[in-house]
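Reviewing the structure listed below.
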Amino acid sequence: MITTTFKAEKTLTRDTVPVDVDAVLFWKVIDSQRAALEVADYQSAISWASQTALRDVIGKTLLAEMLEGRDKISDLLRKIIDERTEPWGIEVNSVEVKDVLIPAGLQDSPALTRHEHAL
């Protein structure tokens with residue numbers, strides 16, 4: 001099993017809140033021939049595929065959903081990244097969203113007060 005950390009910095013949620021999100025990808029090579037032939041540098045390609053998937057998911061998700069539903073977002077990311085990397089002979093086992101950070105000035109807003117347990 002190989003782990004790759006990835007992040008999205010200052011990415012806007014669907015409700016235009018800038019967030020920094022850190023995640024970890026757990027994956028393995030299941031077909032070394034395809035991994036070697038389908039993409040020049042599969043480790044970098046996995047990192048980029050993970051990062052772009054994370055940015056895409058953040059942009060389609062409301063902040064409240066990000067704060068309350070890390071498991072749901074992690075599962076969605078796993079499916080997206082696995083679909084992208086499967087042709088390369090790579091299998092994604094899981095993704096864990098570790099941190100969702102919002103700007104300090106927004107942490108005290110009334111809309112976030114009910115979600116502060118998730119911060």
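- Tracing side-chain contacts under 4.5 Å through hydrophobic residues (I, L, V, M, F, W, Y), one reaches L67 starting from L76; they form part of the same cluster.
- The hydrophobic clustering, which links ILVMFWY residues whose side-chain heavy atoms are closer than 4.5 Å, places L54 and F26 apart.
- In this structure, K79 does not pair ionically with D75, as no charged nitrogen and carboxylate oxygen lie closer than 4.0 Å.
- At least one donor-acceptor pair closer than 3.5 Å links the side chain of D20 to the backbone N or O of K10.
- Taking a cutoff of 4.0 Å between a charged side-chain nitrogen and a carboxylate oxygen, E65 and K60 do not qualify as a salt bridge.
- A side-chain donor-acceptor contact under 3.5 Å links S74 to the backbone of V97.
- Follow the hydrophobic side-chain contacts under 4.5 Å out from L77 and you reach I2 in the same cluster.
- Counting heavy atoms from C-beta outward, L63 and V19 have side chains that approach closer than 4.5 Å.
- Between the D82 side chain and the V92 main chain, a donor and an acceptor come within less than 3.5 Å of each other.
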Give the C-alpha distance, both sets of side-chain angles, the deciding distance and a yes or no for side-chain contact (heavy atoms from CB on, under 4.5 Å) between E86 and R34.
-> CA-CA 9 Å; E86 188 274 331; R34 283 191 352 208; 3.4 Å; yes
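- A49 approaches T52 most closely through the heavy-atom pair O-OG1, 3.1 Å.
- In the hydrophobic clustering of this structure, L25 does not group with M1; members are Ile, Leu, Val, Met, Phe, Trp, Tyr whose side-chain heavy atoms approach within less than 4.5 Å, directly or through other members.
- One N or O on the side chain of R70 and one on the backbone of K98 form a donor-acceptor pair closer than 3.5 Å.
- Taking NZ from K28 and OG1 from T3, the interatomic distance works out to 14.5 Å, rounded to the nearest 0.5 Å.
- For D41, the CG atom sits in a packed shell: over 12 heavy atoms of surrounding residues, nucleotides or ligands are nearer than 6.0 Å.
- Closest of all the heavy-atom pairs between F6 and S50 is CE1-O, 3.4 Å.
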Begin with the C-alpha distance, continue with both residues' side-chain angles, and end with the deciding distance and a verdict on side-chain contact (heavy atoms from CB on, under 4.5 Å) for T5 and D22.
-> CA-CA 7 Å; T5 59; D22 294 321; over 6 Å; no
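- Using a 4.5 Å cut-off on side-chain heavy atoms (C-beta onward), W27 and I46 make contact.
- Closest of all the heavy-atom pairs between T61 and D15 is O-OD1, 4.3 Å.
- The shortest heavy-atom contact between M66 and I73 is CA-CD1, 3.6 Å.
- Here the closest heavy-atom approach between residue E9 and residue R55 is recorded as O-NH1, 3.8 Å.
- To the nearest 0.5 angstrom, L62 atom CG is 7.0 Å from T13 atom OG1.
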